[in-house]
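It should be emphasised that the depicted structure is a prediction, and the values quoted were computed from it without experimental measurement. Numbers restart at 1 for each chain; the letters A, B, ... are given by sequence-line order, proteins then strands.
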Protein chains: 2
Amino acid sequence: MTMRRRPTIHEVARVAGVSISSVSRALNGNTSNADMVARVNAAVREVGYVPSVVAQSLKTRHTGQVAFAMEDIGNAAYLEMVRRIQPTLREEGYRLLLHSTGADVEDELGVLASLSQNYVDGLILCPLRVTDRHVEALRQTAVPVVVIGLLPDDVPVDNVRADSRVGARLAVEHLAEAGARRIAFIDGPLDTVPGRARYDGYRRGLAAAGLPEDDALVRFTDFQFDAGRKAARELLTVHPGIDAVLGANDLIAMGVLHALRELGRDVPGDVRVVGMDDTPLAATSFPPLSSVSLGSADRGRIAAELLLRRLEGDDAPAERVTVPPSLTVRESSR
Amino acid sequence: MTMRRRPTIHEVARVAGVSISSVSRALNGNTSNADMVARVNAAVREVGYVPSVVAQSLKTRHTGQVAFAMEDIGNAAYLEMVRRIQPTLREEGYRLLLHSTGADVEDELGVLASLSQNYVDGLILCPLRVTDRHVEALRQTAVPVVVIGLLPDDVPVDNVRADSRVGARLAVEHLAEAGARRIAFIDGPLDTVPGRARYDGYRRGLAAAGLPEDDALVRFTDFQFDAGRKAARELLTVHPGIDAVLGANDLIAMGVLHALRELGRDVPGDVRVVGMDDTPLAATSFPPLSSVSLGSADRGRIAAELLLRRLEGDDAPAERVTVPPSLTVRESSR
DNA sequence: TTGAAAGCGCTACCAT
DNA sequence: ATGGTAGCGCTTTCAA
């Protein structure tokens, strides 16, 4: 265990026989003397010098770090975002700091207040809910913030959103076109933003397809596998005439697939099924699950790009980007 | 957009009418004068002071940050680790920096060399392969490192490992007990640590069950769904007598399930299937997939705990923890 | 072009 | 107990 302290710019200067200013300049490309650069580089290699980013940050007032704060990295949608955010930021030399808030609103606010005043140059936030206090905090962050999710129109913050209402509608229209007439919907809680939007989209889809609404075909549960399974089992037992089910996310839809199998119904022969989010689950289920992609990966990438623009000093008015949903049709609704 | 500079400790001192030393002491609990603490806190609130972690880091020589470097956060096993690492570190006040290396060995080394000399107090590394250069780099990192995965015994670095060899063996023994006689194995690349270990475990399992080895029943591909599907299709077309398939991870096993369905073979009636990693996929597949858990969540937690001990100054000899695998039997092999 | 020196905001030592 | 002050390692003026 070598316990030598890391070499500083002073060692490099000493070995190269120049001043620390010259070392700094040579390293940052602020010199035109090729010989100087060569000498400094040689000294750097010799002593194994790595600049202290901390000292650099203190001086330059930026850290090269960006944080992504979301509820739980375990959620497939956030995961997709991270997978795109990281390389996008990295290409520009930023490191990614991860912040799972664990559905804790206070913590989300804490992140906004302190984290944004500290150790990061920017922040991508994916809030579960947006309260007045969020808005307040967003208005006075010390660094650029991009919010992924719904945000009131008057908040001057870059914002990337999905359109899950249109997404649900797409799914319903697709099912109707495929010949379905009694389309059930298993939703998450109606008091969540996505739950509400997807329900609205479902109803619009029915209207667009000229199908009647029937409350008996709708269930509000949780965004979970077991919830979908249970709801589908009940729904299809009471209403055997249901010929299609839309699940408000892929987990619910997977639960529906299981329920149908248990009930001996063929998918898509007897009942067509569509999910939402288009997670990796969808492609590997049996039968492969049609699903509405809400563009998580794109939202992540776009959020990162917006933030990078701000970090480069762009101070144009806040932008609002909506990523359009797209339906991937697989066997479950073909 | 308020463009005021963040207040520093000097503003607080001025408002509180004390010296900056007193502010620092009050804030860090190094004073016993309750009145002083109160005055300082009041001033802190008044000016909205948040200490600069950058300046603190420069002074104290630690950053409060820990990095987790792995191949791709999209992998379910790594994800499980992150989900446990983050809260564990966070409880002790450390932030988590994420570093997907994208299967790039050079990049992995780069992380070790520069990242460990910089902006983090410690590092959790989950290398895909361990080369001599890794070992070399590990020997001279500037901060404590914990490696999740297999590491040569003489490398003095804390190490948390799964026992995927025993895991694969467990799976084979279980299949044999269930009556399987011709157990195929679809592995990832043999030159990866898990690929190698699982293959060894497979062979030991066969030996333990008194079954003959048959190279024709083994395929080395990728740890992916499509790879598993394709390999299974070929394998079962050429060798219809195969009565069980072990997939080296759940994705492969899911691919196997699909291939079998396409070939019209019943699972588990004709062919039993077992996967590895016990990801969420397993429980929601059809039929639900038996899978060997390698304790990803536990490994993540333990790695974080080991690292925290080092960060607290513990300099006991490097520890080696092995998390035992466990088999969850579901319908696919019942 | 180069070097000296002034900080960036903080902690901790040393006087008082 | 409190305040002054010397750095932490760097970048960037400013003179030479």
In whole angstroms, how far is the C1' atom of C:dG3 from the CZ atom of A:Arg39?
-> 13 Å
With heavy atoms under 4.0 Å as the rule, sort B:Ser57 into base, sugar-phosphate or nothing.
-> nothing
Residue B:Asn33, side-chain heavy atoms: nucleotide from D:dA1, C:dG3, C:dT11 that is nearest = D:dA1
Return the nearest nucleotide to the side chain of A:Ile20; candidates are C:dC13, D:dC10, C:dT11.
-> D:dC10
Cut-off 3.5 Å, side chains only: do B:Ser22 and B:Ser19 have a donor facing an acceptor?
-> yes
Take the protein atom CG of A:Asn28 and the nucleotide atom C1' of D:dT13, then report the distance between them rounded to whole Å.
-> 15 Å
Report yes if some heavy atom in the side chain of B:Asp121 is under 4.5 Å from a heavy atom in the side chain of B:Val143; otherwise report no.
-> no
A:Arg301: what forms a side chain to side chain contact (heavy atoms under 4.5 Å, CB included) with it, not counting sequence neighbours?
-> A:Arg84, A:Thr88, A:Asp298, A:Glu305
Do the side chains of B:Val66 and B:Val120 get nearer than 4.5 Å, heavy atoms only?
-> no
Using whole Å, report how far OH of A:Tyr119 lies from C1' of C:dG9.
-> 17 Å
Do B:Ser100 and B:Asp72 have side-chain atoms, one donor and one acceptor, less than 3.5 Å apart?
-> no
Integer-rounded Å distance: C:dT11 C1' and B:Arg25 CZ | 10 Å
Please determine if B:Glu11 and B:Arg14 form a salt bridge, counting it only when a charged side-chain N lies under 4.0 Å from a carboxylate O.
-> no
Could you check if a side-chain atom of B:Ile73 sits within less than 4.5 angstrom of a side-chain atom of A:Gln86, using non-hydrogen atoms only?
-> no
Protein-nucleotides 7-9 of chain D N/O pairs closer than 3.5 Å?
residue	atom	partner	partner atom	Å
D:dG7	N2	B:Lys59	NZ	2.7
D:dG7	N3	B:Lys59	NZ	3.0
D:dC8	O3'	B:Arg61	NH2	2.7
D:dG9	OP1	A:Arg5	NH2	3.3
D:dG9	OP1	B:Arg61	NH2	2.5

Per-helix bend value, the helix from C:dT1-D:dA16 to C:dT16-D:dA1, C1' rotation axes over five pairs per end, 10° rounding, shows 50°
Nearest-nucleotide 5' precedence on DNA chain D, A:Ser21 against B:Ser19 = B:Ser19
Under-4.0 Å salt bridge between B:Glu80 and B:Arg83 = yes
Charged N to carboxylate O below 4.0 Å: is that the case for A:Arg139 and A:Asp154?
-> yes
Length of the line joining B:Asn30:CG and D:dT2:P, which is rounded to integer Å | 13 Å
Among D:dG4, C:dT2, C:dT11, the one nearest any side-chain atom of A:Ser22 is C:dT2
With sugar-phosphate meaning primed atoms plus P, OP1 and OP2, does B:Thr31 contact a base, only sugar-phosphate, or nothing at under 4.0 Å between heavy atoms?
-> sugar-phosphate
